[in-house]
2 protein chains.
Amino acid sequence: MTPNADNADKYRVKSLDHALDVVEALGHGGRDGLAVTEVATAVGMSKSSAYSILQTLLRRGFVASHGSGPTRRYRLGLSFAYLGDQVTSQTGLREVAMPYLEELTRVAGLTSRLAIFDEGYAVAIGRIDGPGTIRIAPFLGRRELPHATAIGKAMLATLGDDEVRAIIEPIGLLARGPNTIVDIDTLLRDLHRTAERGYAVDDEEDTAGVVCIGASVHDRTATCVGAISVTALKHEMRADAAAEIGALVRRYADSITTELGGR
Amino acid sequence: MTPNADNADKYRVKSLDHALDVVEALGHGGRDGLAVTEVATAVGMSKSSAYSILQTLLRRGFVASHGSGPTRRYRLGLSFAYLGDQVTSQTGLREVAMPYLEELTRVAGLTSRLAIFDEGYAVAIGRIDGPGTIRIAPFLGRRELPHATAIGKAMLATLGDDEVRAIIEPIGLLARGPNTIVDIDTLLRDLHRTAERGYAVDDEEDTAGVVCIGASVHDRTATCVGAISVTALKHEMRADAAAEIGALVRRYADSITTELGGR
DNA sequence: AACCCCGTTTGGTGATACCGAACAAGATCT
DNA sequence: AGATCTTGTTCGGTATCACCAAACGGGGTT
C-alpha cells in the first residue's frame with residue numbers, strides 16, 4: 001500500500017482539503033452561485049459528499065443558499081466578509097492608510113490600492129474605486145506578481161539586489177503584459193531608477209492598456225511594510241502626466257509613512 | 001449506540017466542523033495570532049489534531065504563521081481577504097453605493113456604512129471610516145440586531161407591521177444599550193415615524209454613547225435591498241443636528257436608489 | 001400529462017481523523 | 001551558564017466517519 005508516498009500528505013486532513021476545494025469553487029461561482037452537481041463536478045467528488053460539505057458549511061453560515069428543490073443554489077456566506085475584514089484589519093497599516101487613499105483617489109480621479117508583501121507576492125488589502133465605470137484590478141487578497149506591478153516594484157525597490165534575486169528566483173519573471181520585464185538585470189535597473197525618483201511605473205507590464213504608478217510605505221524601523229498605487233487606462237494617462245501623478249502618489253505614501261512614525 | 005440521536009448530525013462533516021471552529025478561533029485571535037496549544041484548548045480538541053488542521057489550512061493559504069518552534073503562532077491568511085471581497089462584491093449594490101458613501105463621509109465628517117438584510121439581521125458589507133481616531137462599529141459581515149440599529153430600523157420601516165413581527169419574533173427584542181426598544185408596539189410606532197421622515201435614528205439603542213442615523217436603499221422593484229448609515233459619538237451630534245444629518249443621509253440613499261433605477 | 005433532470009436520502013465499508021504519549025528545541029529562571 | 005519547564009512536532013493504533021453508488025421524489029419543461 002501507499003504506492004508512491006509523496007510525503008505530501010503528512011498532517012493533511014483530506015476532508016478539510018475537499019471542503020476548501022468547495023469553498024474556492026464557490027468563490028469563483030459568481031453572482032448566482034453554484035448548484036450541488038456543479039460543485040461536485042467542479043471539485044471532482046460525488047454529489048452526496050458535496051452535499052454533506054455544503055450542509056455543514058451552511059449550518060455555520062459559511063455558505064448561503066437560495067431557492068429550494070432542483071433550483072437550489074449555493075454561494076459563499078457573509079462569514080467570509082467578517083473574517084476577511086478581520087484579516088485586512090489585523091494589519092494596523094490599513095486603518096492608517098485608507099483615509100489617505102480616499103483623498104488620493106479624489107485628487108487624482110483614479111482607483112487607488114493598498115498592498116503588502118506576502119511570501120514574495122504583492123497582495124492588495126484595501127481599495128478605493130475611482131469614478132470610472134470600468135473596474136480595473138478590483139481584487140483584494142489575490143497574489144500578484146511583484147515584478148509586473150507598480151505596487152510590487154515599489155516594494156522591491158526598497159530592497160538590495162541580492163534580496164530581490166532571492167524573492168524573484170522561486171517565482172520567475174513570467175510575461176504577463178506586452179511590456180513585462182523578463183530579464184533580471186533589466187528589472188534591477190528599473191528598480192534602481194524607481195528608488196531614485198521615489199515611485200514605480202508599470203506601463204502595460206501586467207495588463208495591456210493599463211498603467212499603474214506606486215510608491216512604498218515604511219514603518220518606524222524604516223523597513224517597507226507595504227505600498228500604494230493608482231491605476232489608469234493607458235489613454236487616460238499621457239506620458240508627461242506620469243511624473244506629476246508619480247509625485248502625487250509618492251507624497252501620499254510619505255504621509256502614511258509619517259503617520260506610522262517611519263522613514 | 002447513538003444514545004440520544006439529536007438528528008443534528010445529519011449531513012454533518014465532523015472534521016470540517018472542527019476546522020471551522022479553528023478558523024473562528026483564529027478570527028477572534030487578534031493581531032499576533034494563536035499558538036497551537038491555544039487553538040487546541042479554545043476549540044476543545046487534542047494538540048495533534050489542531051496541528052493537522054492548521055497544517056492543512058496553512059498549505060492552502062487559509063492561515064499564515066510566523067515564528068518557529070515554541071514561538072510559532074498562527075493567524076488567518078489572506079485567502080479570507082480575497083473570498084470576503086468576493087462575497088461583498090457579489091452584491092452589485094456595493095459597487096454602486098461605495099462612491100456615495102465616500103462622499104457622505106467626507107461631507108458629514110462621520111463614519112458611514114452600507115448594510116443588507118441577512119435572515120432578519122442587518123449585516124454591513126461596506127464601510128468608510130471617518131476622520132475620528134476612535135473606531136466605532138468597525139465590523140463588516142457581523143450580524144447586528146435589526147431593532148437596535150439605525151441601519152436595521154431603516155430597513156424594517158419599509159415593511160408592513162406583520163412582516164416586522166415575523167422577523168422580530170424569532171430574534172426577540174434584546175436590550176443592548178441604554179435606550180433599546182424592547183416593546184414591539186413602541187418599535188412599530190418608531191418605524192412608522194421613520195418611514196414618514198425618511199430616516200431612522202438610533203439614539204444609544206445599541207451602544208452607550210453612540211448615535212446612528214440610517215436610510216434605506218431600493219431597487220427597481222421598489223423593494224428594500226439595503227441601507228446606509230452614519231455613526232457618531234453622542235456628544236458630537238447635538239439634537240438639532242440630527243434632522244440635518246438625517247436629511248443628508250436620506251439624500252445620499254436616494255441617490256443610490258436612483259442609480260439602481262429604483263423607488 | 002409524461003418525461004427528464006436534479007436535489008435529497010440511505011446504507012455499507014475502506015480509509016482516516018482523532019487521541020495519547022513520546023521526542024525535541026527554545027524560553028525562562030536561578 | 002546550566003537546569004528546567006513549556007511548547008511545537010512526530011508517531012502509531014483504532015474506533016469513527018467520510019466517501020461513494022444507487023435509489024427516491026419533486027419541480028420544471030416540452
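Every chain is numbered from 1, with letters handed out A, B, ... down the list of sequences. Values below: every heavy atom of this structure, side chains too, minus hydrogens, waters and symmetry copies.
- Nearest heavy-atom pair, A/Ala35 versus A/Glu38, reported as atom, atom and distance to 0.1 Å: N-OE1, 2.8 Å.
- Considering all non-hydrogen atoms of both residues, B/Leu26 and B/Tyr74 come closest at CD2-O, 3.4 Å.
- Remark: A/Tyr11 is in phosphate contact with D/dT10, judged by side-chain N or O atoms under 4.0 Å from OP1 or OP2.
- Side-chain contact of A/His218 with A/Ser216: a donor-acceptor pair under 3.5 Å is present, judged by distance alone.
- Across residues 38-48 of chain B, B/Met45, B/Ser46, B/Ser48 each have a non-hydrogen atom less than 4.0 Å from an atom of DNA chain C (numbered order).
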Atom pairs, protein N/O to nucleotides 25-30 of chain D N/O, distance under 3.5 Å:
none

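- One interatomic measurement links the two molecules: NZ of A/Lys10 to C1' of C/dC18, which rounds to 18 Å at whole-angstrom precision.
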Name the pairs: protein N/O against N/O of nucleotides 12-16 of chain C, kept only if under 3.5 Å.
{"unit_1": "C/dT16", "atom_1": "OP1", "unit_2": "A/Lys14", "atom_2": "NZ", "d": "2.5"}

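- Rounding to whole angstrom units, CG of residue B/Leu54 and P of D/dT10 are separated by 13 Å.
- The side chain of B/Arg72 places an N or O atom within less than 4.0 Å of a non-bridging phosphate oxygen (OP1 or OP2) of D/dT9.
- The CG atom of A/Asp21 sits 11 Å away from the P atom of D/dC19 (whole-angstrom rounding).
- Of the N and O atoms on the side chains of A/Thr56 and B/Arg12, not one donor lies less than 3.5 Å from an acceptor on the other residue.
- Evaluation of the salt bridge (charged side-chain N to carboxylate O under 4.0 Å, His left out) rule for B/Arg94 yields B/Asp85 as partners, not counting sequence neighbours.
- Spacing between atom OH of A/Tyr51 and atom P of D/dC17 amounts to 20 Å, rounded to whole angstrom units.
- Between the side chains of B/Asp219 and B/Thr223, at least one donor N or O sits under 3.5 Å from an acceptor N or O.
- Within the structure, every pair that satisfies the ring pair (Phe, Tyr, Trp, His ring centres under 6.0 Å) test and touches residues 35-63 of chain B, not counting sequence neighbours, is listed here: A/Tyr11-B/Tyr51, B/Phe62-B/Phe80.
- The backbone N or O of A/Leu174 sits less than 3.5 Å from a side-chain atom of A/His147, completing a donor-acceptor pair.
- A salt bridge is absent between A/Asp129 and A/Arg113; no separation between the charged side-chain nitrogens and carboxylate oxygens falls under 4.0 Å.
- A salt bridge does not link B/Asp32 to B/Arg75: none of the charged nitrogens lies less than 4.0 Å from a carboxylate oxygen.
- Applying the side chain to side chain contact (heavy atoms under 4.5 Å, CB included) criterion to A/Ser46, with sequence neighbours excluded, gives A/Ser48, A/Ser49.
- Each of A/Val36 and A/Leu16 was assigned the nucleotide of DNA chain C with the nearest heavy atom; the assignment lying further toward the 5' end belongs to A/Val36.
- Distances shorter than 4.0 Å separate some side-chain N or O of A/His18 from OP1 or OP2 on D/dC19.
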